[in-house]
2 protein chains.
Amino acid sequence: MTIQEAAERSGLSAHTLRYYERIGLIHSVRRDGSGHRDYVERDLEWLDFLTKLRTTGMPIAEMCRYAELRRMGDHTAAERRAMLEAHRDRVRCRIAELQQDLKVLDYKIDIYRGME
Amino acid sequence: MTIQEAAERSGLSAHTLRYYERIGLIHSVRRDGSGHRDYVERDLEWLDFLTKLRTTGMPIAEMCRYAELRRMGDHTAAERRAMLEAHRDRVRCRIAELQQDLKVLDYKIDIYRGME
DNA sequence: ACTTGACTTGGAGTGCGCTCGAAGGGGGAC
DNA sequence: GTCCCCCTTCGAGCGCACTCCAAGTCAAGT
């Protein structure tokens, strides 16, 4: 699969895919005869997971660490799990915070309604 | 109240408070005899609300627009309400998205647990 | 043979939201 | 008086996560 196809399917830009590879987020994408990247299904799955980490607010540096552990093999599973658990806690906190802020928005909107 | 006190109470830095004033997010903070800023309770309330808009992901430019409408008076209430409603929708979507992503994290963590 | 277009690399540029530095101005404590 | 500290403005700098550009390669189409 070409970089354009991978971009469309992952929702990332081709620029971003190259950038992710450069910083080590996605490792050693296969090249075809002419040196062009050739993405496989497994790359797409990994990109989807990376995207979930990103959209939930994990910093790139932390994602790089996770990717590095993943490359190191199964013996890093516990550390990776710990990272995900810590991240999950952050996401839960974030959701709780957003839900609180939502109440304030609701309250404000009601006030505006009352004014009209 | 001095800028330092306002910073402590709002959770923003003094730098950020000056920055917010410069870009028009907070308008015409009173000055004392020697030109120092003198924040009042109402400023703090406004800063708290601004902070909620920020932490829920409203871009600064949009917050400036909201602040501008607020300065223009009561006849902008409908437009401000519309902005808040649009923002509320975005926040709701964001929460829903985070909740979906949380499921993926849970799933992954379970897999790691199974591996150990 | 030549054009077209998508790809490659390395490095520079961008936008956002701050964050900091420089240079200078009070005003209270000693 | 002078030391010290916090304040002022203006403008530059920073960190993050991309985003884009320049220069070159390669393969397919006409």
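This is a predicted model, so every value here is computed, not measured. Proteins come first, then strands; the chains are lettered A, B, ... in the order of their sequence lines, and each starts at number 1.
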Could you check whether A:Glu85 pairs with B:Arg113 (Lys NZ or Arg NE/NH1/NH2 to Asp/Glu carboxylate O, under 4.0 Å)? yes

Per the under-4.0 Å heavy-atom filter, residues of residues 41-64 of chain B near DNA chain D come out as none

| Regarding B:His36 and B:Thr2, is there a side-chain donor-to-acceptor distance under 3.5 Å anywhere? | no

From CG of A:Asp38 across to P of D:dC26 the rounded distance in Å is 17 Å

Among C:dC7, C:dT8, C:dG27, the one nearest any side-chain atom of B:Ser34 is C:dG27

When rounded to whole Å, the CG to C1' distance for the pair A:Leu17 and D:dA17 reads 14 Å

Notebook entry, point to check: Base, sugar-phosphate, or nothing for B:Arg18, non-hydrogen atoms under 4.0 angstrom?
Noted result: base

Is it true that atom CG of A:Asp74 has more than 12 heavy atoms of other residues, nucleotides or ligands lying nearer than 6.0 Å?
no

Per side chain to side chain contact (heavy atoms under 4.5 Å, CB included), B:Leu102 is matched among A:Arg94, A:His87, A:Arg92 by A:Arg92

The nucleotide from D:dT19, D:dC7, C:dC18 with an atom nearest the side chain of B:Thr2 is D:dC7

Short side-chain donor-acceptor distance under 3.5 Å, B:Thr55 and A:Asp101:
yes

Which of C:dT8, C:dC20, D:dT8 is nearest the side chain of A:Ile3? It is C:dT8

- Task: Classify the side chain of B:Arg22 versus the base of C:dT19 as yes if they form a donor-acceptor pair under 3.5 Å and no if they do not.
- Result: yes

(request) Determine the interplanar angle of the A:Tyr66 and B:Tyr112 rings, folded into 0 to 90°, and report it as parallel if under 30°, tilted if 30 to 60°, perpendicular if over 60°. (result) perpendicular

Of the listed D:dT8, D:dT19, C:dC18, the closest approach to the A:Tyr19 side chain comes from D:dT19

Regarding the side chain of B:Tyr20, the nearest nucleotide among C:dC18, D:dC7, D:dT19 is C:dC18

With the side chain defined as heavy atoms from C-beta on, B:His36 is closest, among C:dT19, D:dC7, D:dT9, to D:dC7

From CZ of A:Arg31 across to C1' of D:dT25 the rounded distance in Å is 14 Å

